[in-house]
Amino acid sequence: EAQVTQNPRYLITVTGKKLTVTCSQNMNHEYMSWYRQDPGLGLRQIYYSMNVEVTDKGDVPEGYKVSRKEKRNFPLILESPSPNQTSLYFCASGTSGEFYNEQFFGPGTRLTVL
Amino acid sequence: GEDVEQSLFLSVREGDSSVINCTYTDSSSTYLYWYKQEPGAGLQLLTYIFSNMDMKQDQRLTVLLNKKDKHLSLRIADTQTGDSAIYFCAERGGFQKLVFGTGTRLLVSP
């Protein structure tokens with residue numbers, strides 16, 4: 001089954017404790033992206049990757065890191081989480097190109113930073 | 001810059017039509033999308049429209065695009081309780097980025 005998986009689905013942590021949220025897709029997509037969803041703000045892009053070893057900042061990159069060592073994986077790293085990073089996080093993947101491309105979303109990771 | 005706005009909430013009765021509205025600012029957007037988010041799930045693409053089209057129909061869904069006013073709408077005919085969800089419009093920004101609206105929570109009552 002074609003899908004985007006994220007782990008963990010739920011995470012409660014404390015300020016300053018490094019964490020990684022994994023994202024994996026099995027559709028051979030070049031493009032991958034991380035978004036955060038906050039009430040009243042919709043989804044905002046954190047980082048994206050056009051292909052392996054190519055990553056770039058989205059609209060709200062502060063406090064986050066990513067890496068793209070393999071095509072299928074795009075982990076999101078919070079080196080020193082803070083309470084304002086409490087949010088619902090979505091990973092997405094899609095094909096590259098100028099034309100229409102559907103992005104496929106993972107199920108989300110709900111993160112609480114105390 | 002890119003900015004997409006939606007009303008936050010819509011309540012309808014089962015069997016009625018629902019109309020969810022969206023305004024966007026980037027006139028260069030080539031594609032505009034409607035995504036659906038069911039409780040506890042990720043977003044799923046419902047439909048999309050290319051910027052050279054005025055209307056697109058797909059079963060119970062009708063998308064209308066007014067480029068002059070930068071207004072996009074999604075009409076759901078014969079709305080069912082299973083249509084209750086959050087609906088996001090999105091425009092395609094640079095580098096395949098999706099710029100999302102705030103989302104409209106649709107509540108369908110029996």
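A quick note: this is a predicted structure, and the numbers were derived from the prediction, not measured. In what follows, chains carry the letters A, B, and so on, assigned in the order in which the sequence lines appear, proteins first and then strands, with residues in each chain numbered from 1.
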Residues of residues 83-90 of chain A with a heavy atom under 4.5 Å from any heavy atom of chain B, in residue-number order, are A/L88, A/F90
**Message:** Is the shortest side-chain heavy-atom distance between A/Y35 and B/L43 below 4.5 Å?
**Reply:** no
| task | Using the rule that two of Ile, Leu, Val, Met, Phe, Trp, Tyr join whenever any of their side-chain heavy atoms come within less than 4.5 Å, decide whether B/L64 and B/L106 are in one cluster. | result | no
Honestly, the part of B/Q37 sitting under 4.5 Å from a heavy atom of chain A is side chain
Applying a strict 4.5 Å limit to non-hydrogen atoms, the region of A/L43 in contact with chain B is both
field: Flag if over 12 foreign heavy atoms under 6.0 Å of CD, A/Q3
entry: yes
So for atom CD1, which belongs to A/I12, do other residues, nucleotides or ligands contribute more than 12 heavy atoms lying within a distance under 6.0 Å? no
Within residues 105-114 of chain A, contacts to chain B at heavy-atom distances under 4.5 Å involve A/F105, A/G106, A/P107
Margin query: I'd like to know if B/I49 and B/Y33 are part of one continuous hydrophobic network [Ile/Leu/Val/Met/Phe/Trp/Tyr, side-chain heavy atoms within less than 4.5 Å].
Written below: yes
Heavy atoms of other groups near B/E5 CD, more than 12 under 6.0 Å
no
Point to revise | Joint hydrophobic cluster, B/L10 plus B/Y87, side-chain heavy atoms closer than 4.5 Å | key: yes
| Within one Ile-Leu-Val-Met-Phe-Trp-Tyr cluster: B/Y24 and B/I20, side-chain cutoff 4.5 Å | yes
Cut-off 4.5 Å, heavy atoms of chain B, and the answer for A/Q37 is side chain
Under 4.5 Å to a heavy atom of chain B? For A/R44 that would be neither
Cluster overlap B/L98 with B/L72, hydrophobic side-chain contacts below 4.5 Å | yes
Looking only at B/F88, B/F100, B/F50, most heavy-atom pairs under 4.5 Å shared with chain A are made by B/F100
